[in-house]
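Step one of this worksheet: look at the structure below.
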Protein chains: 2
Amino acid sequence: MTLPDPGEQARRFIKVREAHRSEVQQDYVELIADLVAARGVARVVDLAERFGVTTATVANTLARLKRDGLVEDRPYRSLCLTAAGTAMAEASRARHDIVVAFLLRLGVSRAVAELDAEGLEHHLSAETLAAMEGFAG
Amino acid sequence: MTLPDPGEQARRFIKVREAHRSEVQQDYVELIADLVAARGVARVVDLAERFGVTTATVANTLARLKRDGLVEDRPYRSLCLTAAGTAMAEASRARHDIVVAFLLRLGVSRAVAELDAEGLEHHLSAETLAAMEGFAG
DNA sequence: AAGCAAAGTTAGCCTTGGCTAAACCCTGAA
DNA sequence: TTCAGGGTTTAGCCAAGGCTAACTTTGCTT
Ligand SMILES: [Mn+2]
Ligand SMILES: [Mn+2]
Ligand SMILES: [Mn+2]
Ligand SMILES: [Mn+2]
């Protein structure tokens, strides 16, 4: 019945839109780092398979990551993160792991925890993430 | 080190993209219902103010909601939900309230709970939502 | 009843992030 | 050494969801 303050409410939705603008980049650098750690190389085809998109879409997205200084521009070579990309990947992975651990502690099954974490992780304030980390123990 | 199964991982990202496709509609019908409940009418200019966008953007989005049978098409008149729109609004509000109650119980401040809930709410499986509801008590 | 201000709509533009199809590079096997 | 196939990029398309600017409608005030 009682509506929030208009400006306050607007700030919430603006925050959601900001999160959505950076989340593709976060997920890309995180996966590139994981592939490099596990296999030594990260290939465009692997990203396409694991994101569920075409290689053309991956190429498009990678062009933006290169433009934004997160991925090295080396055509036809294995993908490689810049220092900024590596930093973003580490932060994303740490946050992702906290969210999964939290959901498991909440009693959610592993499959659903991994599923929901992939979207949830981009909408957490520092305060909420800290509370989740504390709860997960 | 150990990577998830590629198909499983792809299904997670596909789910996130599906959630993002429906979330604008869910937030619109929820806010329209709230405005109607609190004021009797929902105007385009109110939506624009509370979403933090221009009235032109609201008009664009409303065209999609009308196309999809969620909002009545009555140019220059107060906004009005269809039966389908009302049902979606009620489900969205119920879920939103569970998420806020859960975050508060977790120990997060009210301001941050309301902030994070707006994005979080669209990435919760039934299992996770049930766990949150149980935890919120 | 007229006029004006606020509300709503329309036109035209942009970026993101999807797609298909086709061209391009690279490499290992013949 | 060639060349076929796999991986990568490019070209061209699309919808969602933002924007500004201009136009139309409504409704209130005088
Ligand atoms: Mn993610
Ligand atoms: Mn992630
Ligand atoms: Mn929301
Ligand atoms: Mn989201």
Side-chain angles (χ1 to χ4, degrees), chain A residues 6 10-32 35-36 39-68 70-80 118-119 122, chain B residues 6 10-29 31-32 35-36 39-80 118-119 122:
Chain A
R11 264 180 283 129
R12 293 177 200 157
F13 287 110
I14 289 167
K15 188 106 192 260
V16 173
R17 295 196 293 271
E18 285 169 354
H20 286 166
R21 256 179 278 129
S22 43
E23 84 168 75
V24 170
Q25 304 205 330
Q26 292 169 5
D27 288 332
Y28 266 65
V29 296
E30 187 182 334
L31 182 49
I32 290 170
L35 286 166
V36 168
R39 296 204 193 315
V41 308
R43 304 193 308 291
V44 170
V45 273
D46 295 326
L47 294 182
E49 180 183 30
R50 302 183 101 94
F51 282 124
V53 298
T54 64
T55 62
T57 294
V58 170
N60 265 344
T61 304
L62 285 175
R64 286 190 295 276
L65 296 203
K66 291 167 183 172
R67 178 199 66 189
D68 295 346
L70 297 168
V71 167
E72 300 275 345
D73 193 1
R74 309 185 308 172
Y76 290 99
R77 285 225 170 54
S78 171
L79 296 169
C80 176
E118 201 54 76
H122 308 282
Chain B
R11 263 179 281 128
R12 292 177 200 157
F13 287 109
I14 289 166
K15 188 108 193 258
V16 174
R17 294 196 293 270
E18 286 170 354
H20 286 165
R21 253 178 281 128
S22 43
E23 84 168 76
V24 170
Q25 305 205 330
Q26 291 168 6
D27 288 333
Y28 266 65
V29 296
L31 182 49
I32 290 169
L35 286 166
V36 168
R39 296 202 193 318
V41 329
R43 305 193 307 290
V44 170
V45 69
D46 295 324
L47 294 182
E49 180 184 30
R50 301 183 103 93
F51 283 124
V53 298
T54 63
T55 61
T57 293
V58 170
N60 266 344
T61 304
L62 286 174
R64 286 190 296 276
L65 297 203
K66 290 167 182 172
R67 179 199 66 191
D68 296 345
L70 297 167
V71 167
E72 301 274 345
D73 193 1
R74 310 184 308 171
Y76 290 99
R77 287 229 168 52
S78 171
L79 296 168
C80 176
E118 200 55 75
H122 306 283

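So that the names make sense, note that chain A is the first sequence line, chain B the second, and so on, each numbered from 1. Any value given below was found using the heavy atoms of this structure, including those in side chains, with hydrogens, waters and symmetry copies removed.
- Within the nucleic acid shown, A:T61 has no heavy atom closer than 4.0 Å to any nucleic acid atom.
- Among residues two or more places apart in sequence or in another chain, the salt bridge (Lys or Arg N to Asp or Glu O under 4.0 Å) test is passed with B:R11 by B:E8.
- Taking the side chain as every heavy atom from C-beta outward, A:T61 and A:F51 never approach each other to under 4.5 Å.
- Residue A:H20 contributes atom NE2, which lies 10 Å from atom P of D:dG18 at whole-angstrom precision.
- Atom P of nucleotide C:dG18 and atom CZ of B:R21 are separated by 9 Å, given to the nearest angstrom.
- Ranking D:dG17, C:dG17, D:dT20 by closeness to the A:V24 side chain, first place goes to C:dG17.
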What one-letter contact string describes nucleotides 2-15 of chain C from 5' to 3', where B marks a base within less than 4.0 Å of any protein heavy atom, S marks contact via sugar-phosphate atoms alone, and - marks no contact?
-> ------SBB-----
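- Atom CD1 of A:I14 is separated from atom P of D:dG17 by 17 Å (rounded to the nearest Å).
- Under the rule for a salt bridge (Lys or Arg N to Asp or Glu O under 4.0 Å), A:E118 has no partner lying at least two apart in sequence or in another chain.
- B:V58 is linked by a side-chain contact (heavy atoms from CB on, under 4.5 Å) to B:Y28, B:V44, B:L47, B:A48, B:V53, B:L62, counting only residues two or more places apart in sequence or in another chain.
- Between the CD atom of A:E23 and the C1' atom of C:dT16 there is a distance of 12 Å, rounded to whole Å.
- For the pair A:L47 CG and C:dG17 C1', the computed distance is 15 Å after rounding to whole Å.
- Here A:T57 pairs with A:T54 under the side chain to side chain donor-acceptor pair (under 3.5 Å) rule; sequence neighbours left out.
- When rounded to the nearest whole Å, the span between CZ of A:R17 and C1' of D:dG18 equals 8 Å.
- When rounded to the nearest whole Å, the span between CG of B:L65 and P of D:dA16 equals 11 Å.
- With sequence neighbours excluded, the residues forming a side-chain contact (heavy atoms from CB on, under 4.5 Å) with B:R77 are B:R74, listed by chain and number.
- In this structure, A:D27 atom CG and C:dG17 atom C1' are separated by 13 Å, rounded to whole Å.
- Here salt bridge (charged side-chain N to carboxylate O under 4.0 Å, His left out) pairs that include residues 49-68 of chain A, with residues two or more places apart or in two chains, are A:K66-A:D73.
- Rounding to the nearest 0.5 Å gives a distance of 12.5 Å between CG of B:L79 and CG of B:L70.
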Check nucleotides 3-6 of chain D against the protein and report each pair of N or O atoms closer than 3.5 Å, with its distance, or say if there are none.
none

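- Checked against salt bridge (Lys or Arg N to Asp or Glu O under 4.0 Å), B:R17 has no partners two or more places apart in sequence or in another chain.
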